[in-house]
Amino acid sequence: MSVLDRLSELGLGRRLLTEPAQLAAFSSDGLTAFNERPLAVVLADSAEDVAAAVRACYAADVPFVARGSGTSLSGGSVPVAGGVVIALNRMNRVLSIDPDAGIAVVQPGTINLRVSEAAAAHGLQYAPDPSSQSVCSIGGNLAFNSGGAHCLKHGMTSNHVLGMKVVLPDGELVELGADQPNPVGPDWTGLFCGSEGLFGIAVEVTLRLVKIPEAVCTSLAAYPSLAAAGDAVATIVREGLLPVAMEIMDALAMEAAEASVKPGYPECAALLIVEVEGEQDVVDADQVVLDELLAASGATHVRATRDPAERALIWKGRKSAFSAVGWLSPDYIVQDGVVPRTRLGEVLAEIDRMSRETGIRVANVFHAGDGNLHPLILYDGRDAGAAAGAHALAGEILRLCISLGGSITGEHGIGVEKREYLPLMFSEDDLALMHRIRRAIDPKELSNRGKMLEVSE
Amino acid sequence: VITPAGSVKDIQEIVRNAPPGARLLPVAGATKPALSDLGAAGVERIDLSGLSGIVEYDPAELTITALAGTPVSEVQAVLAEHGQYLPCDPPLTDAGATLGGTVATGAAGPSALRYGGVRDFVIGVRFVDGTGRLVAGGGKVVKNAAGFDLPKLLIGSIGRLGVMVSLSFKVFPQPAATTTMEFLTEDLATAVDALIRLRRSPVELDALDITPTGRVLARVGGRAETLDARATRLAGAVGDRTHMRHDGPDERTLWAEASELAWRRDEQAVVRVGLSLAQIPALDQAIHTAAPQATVRYSLGGTAAWIGWPPDAGLDRLDAVLDAERLPGMTLLRGPAHGDQVLLGPHSGGVFATRVKSALDPDGRFLEL
């Protein structure tokens, strides 16, 4: 029996899509360079729908891909040709919030920002804040261990996922973790987070919430060079301050932001955004120290604000940087490499050199506090060889990150985009173990086949 | 049998030479004998206390890498020289706990409340799996989404999934000063009420415990000049309740008592349980019904319970209590009459756990989960 026959027996009605026009919308994600037409799309309403669809795929040996909002920047939710997409957008409810315990239970299609909106009445919020937080879903955040600007203090998605119910690749439902921040026994939840969909589909997720800080102060400091901005970050770390975010944008990235959302950043070669948050007394004390450090850091302009509207605009400019680059260039590649924080200056100088040497423009936006770079490599796909040149430069940057002891991805995941680079970071034995774990859980390699790991021969 | 292993090669040889079903168990500081000194037959221990030392530490990076047998106290001392610390507050540090044992247990001390537990600070691991291969997961940078998160998998793995060789941690700046407010309560209900009020306060706490004698302890850390105002806010948050403030060595002793499990009475077993705030009253009642002599310390703002189980009561009785309350537990210390049950109550994972175990240890050379 074919997988279509099996799926049509599930009584999904119009929630089973098979028409080419319907399927087209699911053929790619945030990384538009990759696309494939799926055989069918299941719009799941419940964990039972997900399990039934997975069992149908398992029985027919057909690969499947779970999809939330389709915002992956690594091709994480690109369909497999001839495979099934299980869309989770309709499973978008915040099921419960326990304000005293600081816990929310949500469905995987819940939009990231919606969790914080639902928790706000209790003075709580969900900390991980990817730039796409107004559209991306918790299920995708979990699968790719998404980050965000405020991870410097709060940690990544996996630090905020306490437990989940998952449908394994053969359709079996299991519970991992629970609702406490420190698991007792092996951390299955931690292993599942960031596994890029290779272990199955999370159908219910228990999240940790944090208090909405009483006070927040956001500082902008303008510098004549990226190196000077980087030095300021190192000084802040050395002084023992723990900002919730430290971000740097270069002139090209600011130009893009100004062209779209007009955040009114000061004109400079490099802009540092530093945010401290917490109790009023603590923020007051930290800001005094930060003001002194920034004043002595060689900045040409410094300003600090506690005004919510002004802060929102600063962050809007920063978070729109990826999409705003579209104003400067018809095509671009977003990179996500990580280097040890003390090597930032070195790697930025090297990227600048590569950019000048190849004549390919690179805009830099990055989480300076944790060494996570986002070089935006600009090109025009209509020019012969431009795409290949851009991808070659992207590869060089990843190699550079690895040679400095870093990682090829901080928060976007490997997906299909960086799969060929994984062997540069991990040994044959490391990768063999990852394959063994994958095949122990999914012997047929059906779940999100072809992402992160090569498919077995 | 105890075989010392001072190098990766030693560990690999021991694992490779062990027959399938060998029941190998890595040990080091032996500060949690319920995990390291199993009475069960045929257990062969690999002693990693010789595999010790800091491999890499650059204070400007806020990361540290050390061999698995390194005592936590050594790491904390080196970090403290640079005003940094490991915020997950590993228990039994003074007693000689090692990094590997801390990760394998997954237990966090009371001051992990502020920034998170072991899982929030381990960023990389190298370990020998059940086939004798040396494998690595994670890395040395604080943000890393490449490959499966193997460092997290080894947290709480109690030596059943691999032998850790080295570990990398994220570290944070240490609070310059700390102070603790102590609140007296009439009973558990009023203590839990105080706990809820303190959790709701905007003051970010370093630690929040209910001691076995029913006192509520709330610790704040940070710049010394902020502490008076914050302590006053805490008193206000709890309302009209007798309180006192602790500072200096006296304050540090209060928390060392928790992290060193010094509240334990002679020969009690100590079992760590994960729970949520709302489950405290029912658990407490069930424990004291099953064993009136039991003592309980609620820690981490009410998300962990440390149960002191009487020497004459079998752990099977506590297992039954935890099963009924649907709460997972792990034994760290025990007396001679307790039996050697390590995991108590229900544990999550199901077939997912079985399949992961079979991938890491296909021939069953380590103890069964």
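All chains are named by letter (A, B, ...) in the order of the sequence lines, taking the proteins before the strands, and each is independently numbered beginning at 1. What you see is a predicted model, and the numbers here were worked out from it, not measured in a lab.
- Going from atom OG of B:S201 over to atom NZ of A:K211 covers 5.5 Å, rounded to the nearest 0.5 Å.
- For A:E196, the part lying near chain B is the side chain, with the backbone staying farther off; criterion is any non-hydrogen pair under 4.5 Å.
- In this structure, OG1 in A:T189 is found 11.0 Å from CG in B:L153, a value given to the nearest 0.5 Å.
- Side-chain atoms of B:R199 come within 3.5 Å of backbone atoms of A:A101 as a donor-acceptor pair (strictly under, hydrogens ignored).
- Side-chain atoms of B:E61 come within 3.5 Å of backbone atoms of A:R341 as a donor-acceptor pair (strictly under, hydrogens ignored).
- Residue A:A178: no heavy atom, backbone or side chain, is found under 4.5 Å from chain B.
- Residue A:L433 comes nearest to B:L360 through the heavy atom pair CD2-CD2, 3.7 Å, listed as atom of the first residue, atom of the second, then distance.
- Both the backbone and the side chain of A:L176 come within less than 4.5 Å of a heavy atom in chain B.
- Of the residues considered (A:D370, A:N145, A:L422, A:V174), A:D370 shows the highest number of contacts with chain B, using heavy-atom pairs under 4.5 Å.
- Interatomic distance, B:L154 CG to A:D187 CG, rounded to the nearest 0.5 Å: 10.0 Å.
- Your options are B:L343, B:L300, B:I196, B:V351, and the one with the most heavy-atom pairs under 4.5 Å with chain A is B:V351.
- Put simply, of B:P328, B:A278, B:P362, the one with the most heavy-atom pairs under 4.5 Å next to chain A is B:P328.
- Contact annotation for A:D170: only side-chain heavy atoms (C-beta onward) come within less than 4.5 Å of a heavy atom of chain B.
- Residue A:E172 touches chain B through its side chain alone, counting heavy-atom pairs closer than 4.5 Å.
- Residues of residues 424-432 of chain A that come closer than 4.5 Å to chain B, counting heavy atoms only, are A:M425, A:F426, A:D429, A:D430, ordered by residue number.
- Contact record, A:A440 with B:S358: CB-OG, 4.0 Å, taken as the closest heavy-atom pair.
- Between B:L369 and A:P186 the shortest heavy-atom distance is CD2-CG, 3.8 Å.
- Under a 3.5 Å cut-off, the side chain of B:K143 and the backbone N or O of A:L152 do not form any donor-acceptor pair.
- Between chain A and the options B:L277, B:T105, B:I155, B:T226, the largest number of non-hydrogen pairs under 4.5 Å is found for B:I155.
- Closest approach of B:V141 to A:P340, counting heavy atoms only: CG1-N, 3.6 Å.
- Distance check, rounded to the nearest 0.5 Å: CG of A:N182 to CZ of B:R119 gives 8.5 Å.
- Not one N or O on the side chain of B:R200 forms a donor-acceptor pair closer than 3.5 Å with the backbone of A:G123.
- With a threshold of 4.5 angstrom between heavy atoms, A:V166 does not approach chain B through any atom at all.
- In terms of heavy-atom pairs under 4.5 Å with chain B, the best-connected choice from A:D281, A:I414, A:V338, A:I441 is A:I441.
- Only the side chain of A:H367 comes within contact range of chain B, judged by heavy atoms closer than 4.5 Å.
- With respect to chain B, the highest number of heavy-atom pairs below 4.5 Å among A:H412, A:E239, A:R438, A:M452 belongs to A:M452.
- Counting only residues at least two apart or in different chains, ring-ring contact (aromatic ring centres under 6.0 Å, His included) contacts with residues 108-162 of chain B comprise A:F199-B:F148, B:Y115-B:F172, B:F121-B:F172.
- Residue A:L198 touches chain B through its side chain alone, counting heavy-atom pairs closer than 4.5 Å.
- For A:F144, the part lying under 4.5 angstrom from a heavy atom of chain B is the backbone only.
- No salt bridge links A:R343 with B:D58; every basic N to acidic carboxylate O contact stays at or beyond 4.0 Å.
- Residues B:K152 and A:S158 share a closest heavy-atom pair of NZ-OG, 3.3 Å.
- Between the side chains of A:Q180 and B:T303, no donor-acceptor pair is found at a separation under 3.5 Å.
- Crowding of B:R326 atom CZ: a count of heavy atoms from other residues, nucleotides or ligands under 6.0 Å not exceeding 12.
- Looking at A:W188, its side chain never comes within 3.5 Å of a backbone N or O of B:F352 through a donor-acceptor pair.
- Going from atom CG of B:N144 over to atom CE of A:M156 covers 8.5 Å, rounded to the nearest 0.5 Å.
- Chain B forms more heavy-atom pairs under 4.5 Å with one residue of A:G194, A:G413, A:G406, A:P183 than with any other, namely A:P183.
- Of the two parts of B:R233, only the side chain, counted from C-beta on, holds a non-hydrogen atom closer than 4.5 Å to a non-hydrogen atom of chain A.
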Exercise for review: Evaluate side-chain contact (heavy atoms from CB on, under 4.5 Å) for B:R230 paired with A:V282, printing each intermediate quantity in order.
Suggested key: CA-CA 9 Å; B:R230 298 166 74 199; A:V282 174; 3.5 Å; yes
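- Interface residue A:D286: backbone and side-chain heavy atoms are both found under 4.5 Å from chain B.
- For A:K418, no part lies near chain B; criterion is any non-hydrogen pair under 4.5 Å.
- For the set A:I103, A:D284, A:I212, A:D179, the entry with the most heavy-atom pairs within less than 4.5 Å of chain B is A:D179.
- The heavy-atom pair separating A:A285 from B:E225 by the smallest distance is CB-OE2, 4.4 Å.
- Considering only heavy-atom pairs separated by less than 4.5 Å from chain B, the leading option among A:G240, A:G102, A:G405 is A:G240.
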